[in-house]
Amino acid sequence: MNQYNENEAREAADKLGLLPEEFDKVVTYLGRIPNFTELSIYSVMWSEHCSYKNSIKWLKTLPKTGPAILAEAGEENAGLVDIGDGMACAFKIESHNHPSAIEPYQGAATGVGGINRDIFTMGARPIAQLNSLRFGDISQDRTKWLLKGVVKGIGDYGNAFGIPVLGGEVYFDPSYNQNPLVNAMSVGIVDINKTISATSHGVGNPVFIVGSSTGKDGIHGATFASGDLSEDSADDLPSVQVGDPFQEKLLLEASLELADTDAIIGMQDMGAAGITCSTSEMSAKGGCGMDIYLDKVPTRQENMLPFEILLSESQERMLVVVKKGREPEVMEIFDKWDLNCVEIGVVTKGPNLKYYMSGELVGDVPADSLVLGGGAPVYEREYQEPAYIQKVKSFKPESVSIPDDLKEVAKFILSHVNVASKKWVTNQYDSMVGGANMTTNNPSDAGIINIKGTSKAIAMTVDCNARYVYADPEQGCAMAVAEAARNIVCSGGTPAAITNCLNFGNPYSPEAYWQFVGSIKGMSKACLKFSTPVTGGNVSFYNQSTINGVTVPVLPTPTIGMIGIIENKAHITPLGFTQKGLNIYMMGSYSDDFGSSQYLIQWHKVEHSPAPKFDLEEEFNLHRSLSEAIKMDLIQCAHDISDGGLMAALFEMTRPNNLGFDVNLNTEIRVDAVLFGEAQSRVIVGVLDANCKSFEEVLKNSNQAYVSLGKVVGSDCIINGQSYGNVKEIDEYCSGRLGRIMS
């Protein structure tokens, strides 16, 4: 191997992003000075994106165990939950933020492709996709360019791959102007007896690379994702990965056919860090090593260097460890699907990974020294409360005047891009492909996928109000978990488990790290309360931009992806009013709490106010009583109150069937807070006359507060005797707003 002297090696390490103490640690592991290929390996595997070195200490405090959990966080490519009937649900969410900020179309498309591979690498067939997107000021041309590219990238890849998009969220705030967030979630179903593990063992077993050829795209992509964005970031971006959904579809079918055999030991997707990551993680998990012959790897370009082959993040590739003697069987499957299937190495006793090029040893590193939970560095960063929190605490509600024209406020809030329908986005996604989506024509608070041949369905959602987290990270993140669980319960399901995508600023900033630590604490307590273990996910730091010398972090955005089980499809509950004459109830109480609401932020331009008050016990009791009423068939529809408050929730319930409401707000509480405040732990339900008595008894027996609001009527939205407009006219104006802005 070509060797550096120590000074040369330290200089190269610094350019690759390794800290001086990390370089010393590499020397200790190897017992010598590393060469360039080895430094490249450590630089990418010890990057924040791959090693979680600045977050793992706190991630380990999250609740990860539960009776239905088949694969705990970090054990496999995705979380795995037993859903009964011999089946399991594999699901995960990850970010593709930095690539999408520079090249939105391919950045988003390859994010979708990568998360789907995490699912089918486990032997599960993807059945649904969701996404959580954050963009800057919608009036800016750059924001429009990013939004168009990201949405088209998600739509083109997902539609061609053939997986429906069941849900998601789109939110706009100036903090995301330069650094959008693109979080993609995938959900799949697998026979418990056919799951595939991401492991390697058995000395002499051959190692295969399958799928697409390897190119120079994405080299050091994980390192790029582990730093701040700046005006020059486009110059630093590695050649962007180019997704091919049709190739991925072939790889999916070949992988699932492979899962029907017992010919393999393990399989892993090649995502961040490519061959380096998959060989090291599989070997470390199995307690073995590998000899890998890089000149055997199918490449798209000639004369690729060893480090380029090792670190390439070319899409649609897998690493497969095959049982010795079963090679022809595996090769036949991939040949049938016209995919590369090339033996590039062999499992060894270990513990080292040895990489060869044309007979020369170019890298020799202990597998365990590279990986999360092994030899990768672990740091405990300082954190402190940001100065802006004092502004939050000093907010006085009485300083906000009540507007004279509440109808004008309602029109403004309902048509605001953070509250109005996002049909300009969702119309670009195929939600019907596969025929299992149960909510396309009758939407629920959560997306629902039918599990054919059973009485069950899976409910799924993604949620996070970053404004709440900004004001109070611990309570705000607990509210994100609670809202996800509330959406599952409103739809007739029982929350089962979560995955998360934790989007924050620079971990070396004590203020940004304070937001991260608080969010982990809030997530932990909420997940424990709702019995929703954390199955894994993604940490995305460095979501901040430095423009003209000013650093702007995004709002802290710990996105929660949750799945739930609907045991009986007869209990699926839509969000829309189903018929005239329904009695409208609010489960929960009137409140004068309008902190961090869209009303306060967008109408009154108040940037700093407390997060809404939140009580876990109160929220849990709401879920329990709502679930009981749904299972007793006492409720026709249910929808939670969130962004935009009571007014927005009522209007959203009118949309599916063009049915209006006539409600009376019998309270002395200030009317703007009642209409537009976003107090937590509240749900609006519709109840038939014949069920009102029984419904109220359920609530009284569980000590659940409630308010009788009024009735579902024909076509007008009436509050306290005044019409706020015709349902169709309001919907046409509000639903088309984003489309008009983007045209």
Side-chain angles (χ1 to χ4, degrees), residues 1-3 25-46 50-51 74-77 121 196-210 214 222 263-297 306-312 317-327 330 341-377:
M1 293 189 291
N2 295 325
Q3 294 294 322
K25 197 169 185 178
V26 172
V27 172
T28 300
Y29 279 130
L30 299 184
R32 55 177 169 78
I33 302 298
N35 64 24
F36 179 77
T37 298
E38 292 164 338
L39 282 175
S40 296
I41 289 170
Y42 279 100
S43 73
V44 72
M45 290 303 295
W46 286 5
C50 289
S51 75
E75 289 186 346
E76 298 293 351
N77 284 310
T121 301
I196 300 174
S197 180
T199 190
S200 169
H201 56 77
V203 174
N205 282 329
V207 179
F208 281 76
I209 189 170
V210 302
T214 298
I264 66 172
I265 299 295
M267 178 164 61
Q268 180 156 331
D269 164 46
M270 286 186 191
I275 293 174
T276 296
C277 187
S278 53
T279 54
S280 60
E281 290 186 352
M282 293 180 77
S283 297
K285 182 175 181 180
C288 60
M290 288 183 186
D291 287 351
I292 299 293
Y293 302 95
L294 299 176
D295 48 305
K296 294 184 178 182
V297 174
F307 86 93
E308 293 175 322
I309 297 173
L310 280 167
L311 303 187
S312 168
R317 301 178 303 156
M318 308 281 207
L319 194 74
V320 184
V321 177
V322 178
K323 294 178 181 177
K324 190 172 179 59
R326 306 290 294 275
E327 297 93 332
V330 172
C341 181
V342 179
E343 184 175 343
I344 64 168
V346 63
V347 177
T348 61
K349 184 177 180 181
N352 279 27
L353 298 169
K354 296 184 178 182
Y355 301 109
Y356 295 87
M357 189 73 171
S358 302
E360 179 187 357
L361 181 64
V362 295
D364 186 357
V365 297
D368 191 61
S369 72
L370 299 174
V371 301
L372 173 70

I'd like a table of donor-acceptor pairs (distance under 3.5 Å, sequence neighbours excluded) in which one partner is a side-chain atom from residues 283-290, with atom names and distances.
from : atom 1 : to   : atom 2 : distance (Å)
S283 : OG     : T279 : O      : 2.7
K285 : NZ     : E75  : O      : 2.6
K285 : NZ     : E76  : OE1    : 3.3
K285 : NZ     : E76  : OE2    : 2.6
K285 : NZ     : S197 : OG     : 3.1

Expected output: side-chain [X] to main-chain [Y] donor-acceptor under 3.5 Å:
| X | Y | result |
| --- | --- | --- |
| D368 | G374 | no |
| N352 | K354 | no |
| E327 | G325 | yes |
| Y356 | D291 | no |
| N77 | A198 | no |

Non-hydrogen side-chain atoms of [X] and [Y] separated by less than 4.5 Å:
| X | Y | answer |
| --- | --- | --- |
| I344 | K296 | yes |
| P366 | L30 | yes |
| S200 | V207 | no |
| V346 | P206 | no |
| M282 | L319 | yes |
| T276 | F307 | no |
| M318 | I209 | no |

Which atom pair, heavy atoms only, marks the closest approach of [X] to [Y]?
| X | Y | answer |
| --- | --- | --- |
| L353 | A367 | CG-CB, 3.8 Å |
| S312 | R317 | O-NH2, 2.7 Å |
| V362 | P306 | CG2-CB, 3.9 Å |
| L310 | T37 | CD1-CG2, 3.7 Å |

**OP:** Mind checking ring-ring contact (aromatic ring centres under 6.0 Å, His included) for Y42 and listing every partner two or more places apart, or none if nothing turns up?
**Re:** W46
Subject >> Residues forming a ring-ring contact (aromatic ring centres under 6.0 Å, His included) with F208, sequence neighbours excluded >> reply: none
Subject >> side-chain contact (heavy atoms from CB on, under 4.5 Å) between V27 and R32, worked out >> reply: CA-CA 5 Å; V27 172; R32 55 177 169 78; over 6 Å; no
Subject >> For D295, side-chain contact (heavy atoms from CB on, under 4.5 Å) partners two or more places apart >> reply: Y293, M357, S358
Original post:
Partners of V203 by side-chain contact (heavy atoms from CB on, under 4.5 Å), sequence neighbours excluded?
Top reply: K349
N/O donor-acceptor pairs under 3.5 Å from side chains in residues 265-275, not counting sequence neighbours:
from : atom 1 : to   : atom 2 : distance (Å)
Q268 : NE2    : E281 : OE1    : 2.7
D269 : OD1    : R117 : NE     : 2.7

**OP:** Please check if atom NZ in K323 has more than 12 non-hydrogen atoms from other residues, nucleotides or ligands closer than 6.0 Å.
**Re:** yes
